[in-house]
Amino acid sequence: MSQSIIVQIQDVDPLNSKIFENGWMYVGHYSQNNPAQYFAPYFTEECEHSGLSRISRILHIVHYQVSDLLGDQLAPPDAPSEQHRLKWRIGLDRIRVRARIESWEPERMGTLLYLERPETFRSPSLSKKTYNDATRSKKLGPSRIPFGFTLEYAELLTKASWILEEPPGSSHVD
C-alpha cells in the first residue's frame, strides 16, 4: 500500500518569499500535528511571481516560543550540508528581523519549517481563483489560504484539479 505524500500550502508575501527563496525556511503558526512532508508557498499578488509554482521537502519541523527566537536561543538543526546550514542561518536571521519589526508577542508559539532547496514544479503558476472553481471540498478562500491547509501531492499535480491561467501577454488557441 502506498503512503500519501502531503503538501502544506500557505500564502507567502514578499517578505516571506525572500525567507523561503534565500533561507530555505517557512515560519508559521504553531501546529502540533503537521502531517506534511512538503511545503509549497502560494506567492501573493505582491510577489514578483504570484501563484503556486515552487515546492520544497520539509527536513525539520521546530516548534518554538517567540521569546526563544528573539533571545537567539534557537539554532538551526543538524543540516545535511554546509549549504543548508548557511541558508538556514540566513532564514533564521530574517525571521528574527521580521519578528522584531512586527513586534511579535514573546509568549506566542510558532513553527519553523527547515526546507530542502526549493524547486519549480509547475509553470505557469497555479492560482487560487482557478483552484476554487475546481472543487468545493478543498476551497482555498477568496483572499487567504487557511492555516494548516494541505493537499495530497498527487492532487496538487492532477491537471484535472487545476485550471492554468495564461501568463500575461500570452495567447492560447485550442
List the atom of [X], the atom of [Y], and the distance in Å for their closest heavy-atom pair.
X	Y	answer
Ser53	Ser125	CB-OG, 3.4 Å
Leu115	Ser56	CB-OG, 3.2 Å
Ile19	Gly91	CG2-O, 4.2 Å
Leu52	Pro41	CD1-O, 3.2 Å
Met25	Ile95	CE-CD1, 3.7 Å

Check: In Å and rounded to the nearest 0.5 Å, what is the CG to CD1 distance from Leu113 to Ile61?
Finding: 6.0 Å

Notebook entry, point to check: From Leu70 CG over to Ser103 OG, what is the distance, rounded to the nearest 0.5 angstrom?
Noted result: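 So the gap between those two atoms works out to 9.5 Å.
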
Margin query: With a 4.5 Å cut-off on side-chain heavy-atom distances among I, L, V, M, F, W and Y, is there a chain of contacts connecting Leu15 to Val27?
Written below: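 No; tracing contacts between hydrophobic side chains, which count when under 4.5 Å, never links both residues.
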
Check: So if you build clusters from Ile, Leu, Val, Met, Phe, Trp, Tyr with side-chain heavy-atom gaps below 4.5 Å, do Leu92 and Val66 land together?
Finding: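 Per the 4.5 Å side-chain linkage, Leu92 and Val66 are co-clustered.
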
Notebook entry, point to check: Does a side-chain heavy-atom distance below 4.5 Å link Ile90 with Trp24?
Noted result: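 No - every pair of side-chain heavy atoms lies 4.5 Å or more apart.
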
Notebook entry, point to check: Between Pro106 and Asp68, is any pair of side-chain heavy atoms under 4.5 Å apart?
Noted result: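 No, their side chains stay 4.5 Å or more apart.
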
Checklist line | Apart from Ile6 itself, residues in the same hydrophobic cluster as defined by side-chain heavy atoms under 4.5 Å | finding: none

Note to self: My understanding is that a hydrophobic cluster links ILVMFWY residues whose side chain heavy atoms are under 4.5 Å apart, including indirect links. Using that, what else belongs to the cluster containing Ile101?
What the structure shows: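 Hydrophobic cluster check, Ile101: joined to Val97.
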
[X]: partners by salt bridge (Lys or Arg N to Asp or Glu O under 4.0 Å), with sequence neighbours left out:
X	result
Arg96	Asp72, Asp93
Glu82	Arg85
Asp13	none
Glu102	Arg98

Item checked: Tyr26 ring center within less than 6.0 Å of Phe20 ring center ->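 No; Tyr26 has its ring centre 6.0 Å or more from that of Phe20.
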
Listed partners of [X] passing side chain to side chain contact (heavy atoms under 4.5 Å, CB included), at least two apart:
X	result
Ser17	Val12, Phe43, Cys47
Glu119	Arg117
Val62	Leu112, Tyr114

Enumerate donor-acceptor pairs with a distance under 3.5 Å from any side-chain N or O in residues 73-81 to protein atoms, sequence neighbours excluded.
unit_1	atom_1	unit_2	atom_2	d
Ser81	OG	Gln83	N	3.3
Ser81	OG	His84	N	3.1
Ser81	OG	His84	ND1	2.6

Check: Which pairs, with at least one residue in residues 37-57 and sequence neighbours excluded, count as a salt bridge (Lys or Arg N to Asp or Glu O under 4.0 Å)?
Finding: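 Listed by first then second residue: Glu21-Arg54, Arg57-Glu116.
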
Note to self: Would Gln37 and Tyr153 count as a side-chain contact (heavy atoms from CB on, under 4.5 Å) here? Give the steps.
What the structure shows: CA-CA 10 Å; Gln37 294 93 16; Tyr153 187 71; over 6 Å; no

Next item on the list: Not counting sequence neighbours, which residues clear ring-ring contact (aromatic ring centres under 6.0 Å, His included) with His60? List them please.
Entry: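 Expected list: Trp88.
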
Note to self: Does Arg108 form a side-chain contact (heavy atoms from CB on, under 4.5 Å) with Gln65? I'd like the steps, not just the answer.
What the structure shows: CA-CA 6 Å; Arg108 182 176 134 191; Gln65 190 165 353; over 6 Å; no

